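Positions are given from 1 along the sequence. On a predicted model such as this, the values are computed, not experimentally measured, just so you know.
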Amino acid sequence: MRGTPRVTRIPRPLLGTLVGVTALLTAGALATPAGAAPRPDTPAGVSSVSADAQKQARDFWTPERMRAATPLDLIDVNGHIDGGSAPLKGRATTIAPSAPAKALGKAAADIGLLAFPNSGGQWTGGGAVVSTAGRVFFTYQGRTASCSGNAVTSANKSTVITAGHCVKLEGAWHTNFVFVPGYHDGQAPYGRWTASKTLSTPQWTASEDINYDIGAAVMAPLDGKRLTDVVGGQGLAFNTGYNLPMYSFGFPAASPYDGEKFIYCSGNTSRDFLLSNDHGMNCNMTGGSSGGPWFTKFNESTGTGLLSSVNSFKYNFLPNRMYGPYFGADAQNLYQTAQAS
């Protein structure tokens, strides 16, 4: 990718100025959010993937293609936004991390804080996060692209959480979708997992509302095994509030990054006071990090935490501040739909 996409939106009337938004996808821009949010019990949007298409995706993503999945040119889209509807809240709920069936790789050392806060650096702490997090690869408008994602505890042991624009953008579901946990240097140490379904919130599916930029994928078994039996799953948290210390992870692929390093940020978050109802954190990750997990209650010693948001967007005039959607009732419904699939 030679840059990250920009979206110019007209903010709430009280702002009275034109504000730019930069999506963190390596291949496109956020489309215009519009219209009222559906009810929280509206089913998530779902795209099913045939067995033939799954095989095609697995064969398509060779090590060479993964290394060569580069960001695309800037795409400019003009649109209007009134700030979107605030995510509907429900009862605070947490789900614990889950361990893989067999121990993996090196454990994190008892190193204390690597750095808190940290606006961007390579993760060297080890632990569960190096196997649960990975790169997401897909075809977007006929072009190769990448995002980030993370495996989570789920009833089907096959659920990955990412950003909404990493599964569907500008009205079309992405194809050739694979998740590569523990990706590095074109390698897939735990395999290339193909999606049997990709999903997003009803608000993102209908109008690509930035407040609901959350996606999920159900991964097909690989060699007779299910995803979290192999790599483990992180926990989740819904409806747990704002202004929390969090850690963010991803595989940024736009300059100065190249998609080959696992990068993290950490810091105390705050609620966006401009266009969205998202969390905000100081972070210099770039395109390709979209969909990477944000954790509350993250333990550096074990590399585990509660997934509470995902990398979503930046304002053009705040290039070192990342924003991620609030995990409210609709995010929880999306997770429930995915894990029941």
Between F177 and F179, is the gap from one ring center to the other below 6.0 Å?
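No, too far apart.
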Among pairs that include at least one residue of [range], which meet disulfide bond (SG atoms under 2.5 Å apart), considering only residues two or more places apart or in two chains?
| range | result |
| --- | --- |
| residues 306-336 | none |
| residues 180-276 | C265-C283 |
| residues 309-341 | none |
| residues 172-243 | none |

Looking at T198, V160, T205, which hits side-chain contact (heavy atoms from CB on, under 4.5 Å) with V167?
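Only one option passes, and that is T198.
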Closest contact, heavy atoms only, [X] versus [Y]:
| X | Y | result |
| --- | --- | --- |
| Q234 | G305 | OE1-N, 2.9 Å |
| W61 | A69 | CZ3-CB, 4.2 Å |
| G149 | V136 | N-CG2, 3.9 Å |
| S309 | G324 | OG-C, 2.9 Å |
| Y140 | H174 | CD1-CE1, 3.3 Å |
| Y326 | T240 | OH-N, 3.5 Å |

Pairs flagged by side-chain hydrogen bond (donor to acceptor under 3.5 Å, both in side chains) wherever residues 214-232 is involved - sequence neighbours left out:
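Every pair satisfying side-chain hydrogen bond (donor to acceptor under 3.5 Å, both in side chains) with a residue in residues 214-232: K157-D229.
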Just say parallel, tilted or perpendicular for the rings of F116 and Y247, cut-offs at 30° and 60°.
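It falls in the tilted class, 30° to 60°.
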Backbone N or O of [Y] within a donor-acceptor pair of the [X] side chain at under 3.5 Å?
| X | Y | answer |
| --- | --- | --- |
| S131 | V231 | yes |
| R135 | S146 | no |
| T194 | R58 | no |
| R271 | N243 | no |
| Y315 | L275 | yes |
| W204 | S207 | no |
| N211 | N277 | yes |
| K197 | A216 | no |
| N239 | R91 | yes |
| Q56 | N176 | no |

Same apolar cluster (I L V M F W Y, side chains within < 4.5 Å links), [X]/[Y]:
| X | Y | value |
| --- | --- | --- |
| Y264 | F295 | yes |
| V49 | W193 | no |
| V152 | L306 | no |

Who passes salt bridge (charged side-chain N to carboxylate O under 4.0 Å, His left out) against D258, sequence neighbours left out?
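Here no residue qualifies.
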Is [Y] close to [X] at the side-chain level, that is, under 4.5 Å between some pair of heavy atoms?
| X | Y | result |
| --- | --- | --- |
| Q187 | M66 | no |
| C147 | N311 | no |
| M322 | S289 | yes |
| I214 | Y335 | no |
| F137 | Y183 | yes |
| W123 | V129 | yes |
| T139 | F60 | yes |

Might you work through the side-chain contact (heavy atoms from CB on, under 4.5 Å) test for F249 and T132, ending with a clear yes or no?
CA-CA 11 Å; F249 291 84; T132 63; over 6 Å; no
Evaluate D52 against S50 for side chain to side chain donor-acceptor pair (under 3.5 Å), listing each step before the verdict.
CA-CA 5 Å; D52 286 345; S50 69; 5.4 Å; no
Spacing of [X] atom [atom1] and [Y] atom [atom2] [to the nearest 0.5 Å]:
| X | Y | atom1 | atom2 | value |
| --- | --- | --- | --- | --- |
| Y242 | H279 | OH | NE2 | 6.0 Å |
| S248 | F298 | OG | CZ | 11.0 Å |
| T159 | L334 | OG1 | CG | 9.0 Å |
| D272 | R321 | CG | CZ | 8.5 Å |
| N156 | M219 | CG | CE | 11.0 Å |
| N299 | T304 | CG | OG1 | 5.0 Å |

S148/F251 under side-chain contact (heavy atoms from CB on, under 4.5 Å): CA gap, chis, key distance, verdict:
CA-CA 6 Å; S148 302; F251 291 86; 3.8 Å; yes
Between Y257 and N284, does any side-chain donor sit less than 3.5 Å from a side-chain acceptor?
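There is such a pair between these side chains.
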List the steps, then state whether side-chain contact (heavy atoms from CB on, under 4.5 Å) holds for N150 with I161.
CA-CA 6 Å; N150 192 87; I161 300 296; 5.7 Å; no
Could you walk me through whether H165 and S290 pass side chain to side chain donor-acceptor pair (under 3.5 Å), step by step?
CA-CA 8 Å; H165 66 268; S290 279; 2.7 Å; yes
Is it the case that atom NZ in K168 sees more than 12 heavy atoms from other parts of the structure closer than 6.0 Å?
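Enclosed: over 12 neighbouring heavy atoms sit under 6.0 Å from NZ of K168.
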Starting from the C-alpha separation in whole Å, work towards a yes-or-no answer on side chain to side chain donor-acceptor pair (under 3.5 Å) for D330 and T201.
CA-CA 6 Å; D330 289 281; T201 57; over 6 Å; no
E208 vs L169, side-chain contact (heavy atoms from CB on, under 4.5 Å): CA-CA, chis, key distance, verdict
CA-CA 8 Å; E208 300 188 359; L169 187 63; 3.8 Å; yes
